[in-house]
Amino acid sequence: MFETFSSGYYLGRLFVEPHEGDHAVMSQEDHERVNQALYATGEGVERLDWPLVMKIEQQHFSVHGDERVPDRTLAVPDSLLENTRIENPPELKEVLLAKADRAEQLMGFQRDRPEFGTGGAV
């Protein structure tokens, strides 16, 4: 689903569609599979429900799992979708997924600066 793109990101293609929730979601199964494959260290019991950090165009945002979302689909809040060039969703779109160390850095930035990423973004 995702392949190495750069030192900080993986690249994937997902169908992006609008979502009325507060944060972006993808299928629970896809979310756990990506967490296992790309974020897990392989040491001991690990949680597979950590939010993923993705980027569409210039926006970073956290992504959670949701059983109601179809496979290979990313459902994003309207407030995030409005700031993209997606005009006729659902649209197949290139999505960047932050690697574990980059995701941790972005989440730390969010904790240190609460005003960063309002509207569901990281």
Sequence neighbours excluded, the answer for ring pair (Phe, Tyr, Trp, His ring centres under 6.0 Å) partners of H31 is none
Are R68 and D66 close enough for a salt bridge, meaning some N to O gap below 4.0 Å?
-> yes
Check the pair E32 / Q28 against side-chain hydrogen bond (donor to acceptor under 3.5 Å, both in side chains), numbers first and verdict last.
-> CA-CA 6 Å; E32 288 178 7; Q28 185 69 38; 3.0 Å; yes
Apply side chain to side chain contact (heavy atoms under 4.5 Å, CB included) to D71 and list each qualifying residue two or more places apart in sequence or on a separate chain.
-> S27, D30
Looking at side-chain heavy atoms only, is the closest gap between I56 and K93 below 4.5 Å?
-> yes
With rounding to the nearest 0.5 Å, note down the distance linking CZ in F15 to CG in L92.
-> 4.5 Å
Answer whether the closest heavy-atom distance between the side chains of Y10 and L96 falls below 4.5 Å.
-> no
Do the non-hydrogen side-chain atoms of P89 and V16 ever get within less than 4.5 Å of each other?
-> no
Could you list all the salt bridge (Lys or Arg N to Asp or Glu O under 4.0 Å) pairs where at least one residue sits in residues 77-92, not counting sequence neighbours?
-> E57-R85
Going from CD on E3 to CE on M1, what distance comes out if it is rounded to the nearest 0.5 angstrom?
-> 12.5 Å
Got R13 and V95 here, is their nearest side-chain heavy-atom distance under 4.5 Å?
-> no
Using the side-chain contact (heavy atoms from CB on, under 4.5 Å) rule, take H23 and V63 through it: C-alpha gap first, then chi angles, then the decisive distance, then the call.
-> CA-CA 7 Å; H23 52 266; V63 179; over 6 Å; no
Could you go step by step and tell me if K55 and E94 meet the side-chain contact (heavy atoms from CB on, under 4.5 Å) rule?
-> CA-CA 9 Å; K55 180 178 179 181; E94 289 183 343; over 6 Å; no
Over all heavy atoms of both residues, which pair between P77 and A24 is shortest? Give the atoms and the distance, please.
-> CD-N, 3.7 Å
Consider only side-chain heavy atoms of I, L, V, M, F, W and Y, link residues closer than 4.5 Å, and tell whether M26 and I86 are in one cluster.
-> yes
Might you work through the side-chain contact (heavy atoms from CB on, under 4.5 Å) test for Q59 and M54, ending with a clear yes or no?
-> CA-CA 8 Å; Q59 299 181 91; M54 293 191 183; over 6 Å; no
Give the minimum heavy-atom separation between A103 and Y39, together with the two atoms involved.
-> CB-OH, 3.7 Å
So do Y9 and L97 actually touch side chain to side chain, heavy atoms under 4.5 Å?
-> no
Sort out for me which residue in L52, L14, V25 forms a side-chain contact (heavy atoms from CB on, under 4.5 Å) with L74.
-> L14
Enter the distance from L11:CG to S6:OG here, rounded to the nearest 0.5 Å.
-> 9.5 Å
Hey, are the side chains of V34 and F2 touching, using non-hydrogen atoms and a 4.5 Å cut-off?
-> yes
From CA spacing to verdict: side-chain contact (heavy atoms from CB on, under 4.5 Å), K99, L38 | CA-CA 7 Å; K99 291 184 176 180; L38 304 180; over 6 Å; no
